[in-house]
Trainee: 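This structure is in structure tokens; I'll ask about it shortly.
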Amino acid sequence: MKYSAAEMMTIAAARKIKDGDRVFVGIGMPNLACNLAMRLNAPNIEMIYEAGVIGANPSRLPLSIGDPCLVTGATSVCSMFDVFTFYLQRGLVDIGFLGAAQVDKYGNLNSTVIGDYDDPKVRLAGSGGACDIASLARQVFILLPHQPRRLPEKVDFITSPGFIGGRRERERLGLPGGGPTVVITDKGILEFDEEGEMVLVSIHPGVELEDVKANTGWDLKVSPSLTVTDPPTERELAILREELDPKGIYLKRGD
Amino acid sequence: MKYSAAEMMTIAAARKIKDGDRVFVGIGMPNLACNLAMRLNAPNIEMIYEAGVIGANPSRLPLSIGDPCLVTGATSVCSMFDVFTFYLQRGLVDIGFLGAAQVDKYGNLNSTVIGDYDDPKVRLAGSGGACDIASLARQVFILLPHQPRRLPEKVDFITSPGFIGGRRERERLGLPGGGPTVVITDKGILEFDEEGEMVLVSIHPGVELEDVKANTGWDLKVSPSLTVTDPPTERELAILREELDPKGIYLKRGD
Amino acid sequence: MMSLAEAVDRLVEDGDTVYLAGFTHLIPFAAGHEIIRQGKKDLTLCRATPDLIYDQMIAAGCARKVVFSWAGNPGVGLLRSFRKKAEAKEIELEEYTHYGMVARLWAGATNLPFFPLRSNIGSDLPAHNPNIKTVTCPYTGQVLSTVPALNPDVAVIHAQRADAQGNAHIWGIIGEQREAAFAARKVIITCEEIVSSEVIKSDPNRTLIPGFLVDAVVEEPWAAHPSYVQGYYDRDNDFYLEWDRISRSEEDLRAWLDEWVYGVSGRREYMARFGAERILKLRVNSQYSVPINLGSYR
Amino acid sequence: MMSLAEAVDRLVEDGDTVYLAGFTHLIPFAAGHEIIRQGKKDLTLCRATPDLIYDQMIAAGCARKVVFSWAGNPGVGLLRSFRKKAEAKEIELEEYTHYGMVARLWAGATNLPFFPLRSNIGSDLPAHNPNIKTVTCPYTGQVLSTVPALNPDVAVIHAQRADAQGNAHIWGIIGEQREAAFAARKVIITCEEIVSSEVIKSDPNRTLIPGFLVDAVVEEPWAAHPSYVQGYYDRDNDFYLEWDRISRSEEDLRAWLDEWVYGVSGRREYMARFGAERILKLRVNSQYSVPINLGSYR
């Protein structure tokens with residue numbers, strides 16, 4: 001069965017979610033990954049949205065992070081201030097999903113500017129809740145396409161801290177959250193070693209190691225126990241395509 | 001028409017409330033004074049209770065500060081934390097009513113202990129919201145019986161700051177609220193001079209100046225323009241007795 | 001879902017710091033009585049307003065320390081057991097203002113180590129409580145008072161309605177219930193009625209406590225008597241007055257505890273003894289909110 | 001109660017710091033358009049999420065500065081006018097995280113000069129924003145980041161229902177509306193419907209903004225389009241996509257402003273031009289909350 005790189009990413013992310021996890025969700029791929037996990041490996045996860053929605057139960061695919069379908073039938077809705085203080089800062093979020101324009105080898109994320117902050121080549125949207133999630137969620141899952149310009153050795157601007165200059169630096173700063181635990185790209189899965197540096201631990205089926213390395217902006221570490229990601233199962237793809245994104249709004253199909 | 005000292009106090013307090021004032025209310029006399037003012041000189045006051053009730057419209061005489069009759073039909077109800085932050089600290093309370101076991105000549109209030117804090121003769125209830133009201137309300141109205149032990153030169157313990165050691169000391173500490181503006185006793189009405197010291201400005205009908213001075217714990221200043229308090233009008237007494245406290249729960253009758 | 005006896009047995013340990021929440025409204029008396037019945041001791045009892053429930057727990061010997069801001073019998077006078085043991089130094093006291101107490105819980109609930117507030121300064125309280133400190137504003141240079149975060153071991157909250165997962169709707173005076181639940185390590189919810197999740201989800205803005213914080217959910221009607229539950233029953237003001245008389249003498253107090261706490265197995269028996277007449281006296285007529293439309297989005 | 005044109009004329013001045021509140025939900029587009037129509041300028045536009053409304057106001061030349069945390073077209077991409085003027089340095093930017101922005105408003109709403117938070121540290125944001133500072137916890141010695149209070153000159157809030165005094169019920173995503181109203185010196189409420197005070201008072205826990213804070217109350221149905229109002233109408237996602245196309249060219253953008261902002265007298269005409277078909281497309285079916293019983297206490 002054919003599948004797209006986006007489908008592989010979504011499915012790989014879903015598999016990393018444990019039952020009972022409280023997940024701070026964005027729209028698009030993270031939302032699909034959570035919904036997929038709920039139908040398979042993690043029926044009891046709790047989805048929290050930065051708009052202040054706890055335990056969303058959307059009747060349709062939400063098109064924005066504040067979609068009204070997230071509210072109707074949700075367990076609880078609070079203010080933005082409350083979601084950042086009572087939930088995120090309180091340590092109640094197990095997993096925060098983040099994407100970014102750039103991620104560097106220590107898992108630092110840039111969604112602010114390409115180029116110099118005061119004279120940018122591209123002015124991006126800025127942190128939003130990303131820096132807060134990166135600082136406060138127990139784990140951060142990063143999703144992004146695997147391209148050299150998206151994965152530079154050093155980001156142009158640290159919007160959201162990963163391990164900054166290494167795991168010890170994050171510890172020294174006393175950030176409550178544990179930092180990034182996994183990066184899922186269209187080419188593979190990366191984790192962080194004891195220094196806080198990204199290590200390739202799994203390659204998606206059909207991808208060459210050289211291709212991954214060539215598309216990373218630094219000399220990428222590779223795990224001695226590198227594996228190949230299990231391809232999507234029929235069940236995973238069926239749920240994704242038939243139940244979660246039947247119109248293919250978020251995910252291109254592989255067939 | 002005869003009236004009691006408690007009725008005189010309540011009516012004198014009601015007259016001091018201006019239309020449109022937002023009043024932080026306790027039960028008993030302050031509640032009666034506000035309700036009386038609403039029916040006479042200040043129809044548009046807003047009653048705020050430390051329980052988090054804004055714009056209460058009680059259908060019966062509330063017997064506690066958190067009486068359910070304060071909620072049904074109120075304009076807004078919020079948490080205690082919110083009433084102290086969004087309302088009181090925000091500066092939205094024009095008048096806070098306070099009583100105390102002791103009040104001294106600078107308007108400092110004690111509701112914590114009689115005697116030494118660590119070895120008290122009498123352990124009282126403590127601050128509750130009193131210190132917060134004294135610190136944050138724009139004006140504080142103090143109601144208490146006129147007795148030497150209630151009005152010592154120096155309170156045993158400052159639970160709630162008036163002018164501390166004088167008006168300049170309060171200013172130096174940067175307390176946002178303006179401090180006490182009036183003390184209403186069963187003998188007269190007292191205000192604060194430019195030093196922040198209590199001055200007798202009005203004597204209730206039938207009370208002798210010597211009696212007031214003898215019942216004050218220090219050499220009480222008397223205003224050169226000392227007046228006699230207007231006695232309760234028939235209308236004031238009628239509303240108080242017939243509408244607000246028909247069972248005489250809070251106020252003894254003068255007849 | 002479990003019985004209150006089981007919840008208290010499992011979740012409250014000797015020496016714990018506990019917070020029975022509720023400002024005048026929804027005071028979890030049933031849980032307090034169960035704690036007395038199970039003989040829990042050396043507790044640090046935290047509440048802005050100790051109220052009768054802590055006076056009873058103090059009288060019964062549960063408390064080592066009381067952390068509070070106003071220790072009175074609301075609308076009546078002082079708390080006699082509290083006062084007697086405090087004056088005899090048989091319980092330790094730690095004292096704040098109301099704002100200070102709820103700010104401590106709020107900081108605990110939101111994982112801030114402290115909360116800055118514009119009160120306390122000028123009062124003698126900070127001189128007698130080393131936990132009240134100051135911080136300088138990095139923008140204005142102003143000195144603000146601070147209180148430290150409070151994180152109880154156990155919070156008990158009584159709610160009007162909750163689902164079986166503990167998602168709780170609370171209305172009327174909402175006091176410091178939400179802060180207590182978020183600040184505590186363990187949470188017991190008692191409620192007037194367990195309802196279906198659909199009722200809770202029909203009005204998510206009303207859900208002040210999410211079920212995933214909750215360790216035990218107990219359906220316990222009349223659990224707040226002699227305090228009240230908005231829309232369910234009235235405050236038993238007579239008992240607040242009666243307590244002032246009962247707690248005057250050690251003998252009457254023991255007799256009361258024997259009859260109404262030790263002498264019953266739980267709230268059901270307590271209410272049965274309480275009798276139909278007084279139950280009927282506290283009933284309230286209905287007055288419903290105008291519903292909101294959440295909309296069905298497809 | 002007055003017209004929106006009158007409210008904006010009276011309460012918004014050139015050079016003001018304004019906060020049009022609402023996270024995705026209840027965005028006060030009608031008020032933003034009225035501000036454009038009246039040619040207000042040199043405004044400091046504050047919003048966590050500038051969204052299309054600030055992109056339109058920036059395009060129309062109202063803004064001198066933008067204070068924000070996420071300047072995107074939600075679910076679509078970037079904001080082209082914002083980005084163009086930011087890159088050309090024609091508007092000044094002051095940037096926070098979402099938590100930082102709402103914490104600034106919260107501090108402003110509660111008269112705290114600053115708010116301490118456990119974010120920002122480790123980010124490059126503080127190095128580029130001197131308003132982000134630090135404070136040391138007096139209990140733990142930990143260094144926390146701080147943001148300063150934000151007190152806008154004017155806040156505009158769109159609510160589902162309010163009474164004539166401005167007491168406002170808001171439900172669904174409540175964003176930062178309440179904080180904005182309490183933080184601002186002047187408050188404009190627009191609402192889908194003015195209701196009797198009895199409706200508001202039937203559910204006081206729902207009243208997030210008390211009328212005494214409010215300087216103008218305006219009944220303005222559909223004032224939030226193309227954003228949505230929970231229970232009243234859906235989000236016009238098509239327009240969010242369309243804006244991405246319109247704002248690509250200066251010509252299309254001018255033509256759009258001419259037709260939909262300058263070319264109408266107010267929201268009623270805007271909706272008339274918008275047409276019945278699209279209005280019907282955004283309608284939602286009803287789904288009501290289960291009412292609560294407040295009780296009648298006598």
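We use all heavy atoms of the structure for the numbers below, so side chains are in, but hydrogens, waters and symmetry mates are not. Chain naming here is simple, since letters A, B, ... match the order of the sequence lines and numbering starts at 1 in each.
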Trainee: What residue in Gly295(D), Ala183(D), Gly108(D) has the most heavy-atom pairs under 4.5 Å with chain B?
Mentor: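 Of the options given, most contacts go to Gly295(D).
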
Trainee: Chain D heavy atoms under 4.5 Å from Leu61(B): which part of the residue, side chain, backbone, both or neither?
Mentor: neither

Trainee: Using atom types as modelled and no hydrogens or angles, find all donor-acceptor pairs between chain D and chain B shorter than 3.5 Å.
Mentor:
residue   : atom : partner  : partner atom : Å
Thr110(D) : O    : Gln89(B) : NE2          : 2.7
Asn111(D) : ND2  : Gln89(B) : O            : 2.9
Arg178(D) : NH1  : Asp82(B) : OD2          : 2.7
Arg178(D) : NH2  : Asp82(B) : OD2          : 3.3
Phe182(D) : O    : Arg90(B) : NE           : 2.4
Phe182(D) : O    : Arg90(B) : NH2          : 2.9
Pro204(D) : O    : Val77(B) : N            : 3.1
Thr207(D) : O    : Ser76(B) : OG           : 2.8
Thr207(D) : OG1  : Thr75(B) : O            : 2.7
Leu294(D) : O    : Thr72(B) : OG1          : 3.2
Gly295(D) : O    : Thr72(B) : OG1          : 2.7
Tyr297(D) : O    : Ser59(B) : OG           : 2.5
Arg298(D) : O    : Arg60(B) : NH1          : 3.2

Trainee: Measuring heavy-atom distances to chain B, does Ile209(D) have an atom under 4.5 Å in its side chain, in its backbone, in both, or in neither?
Mentor: neither

Trainee: Relative to chain D, which of Val53(B), Leu136(B), Leu92(B) shows the most heavy atom pairs under 4.5 Å?
Mentor: Leu92(B)

Trainee: Could you tell me which non-hydrogen atom of Pro204(D) sits nearest to which non-hydrogen atom of Ala74(B), and how far apart they are?
Mentor: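 It is CB-O, 3.5 Å.
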
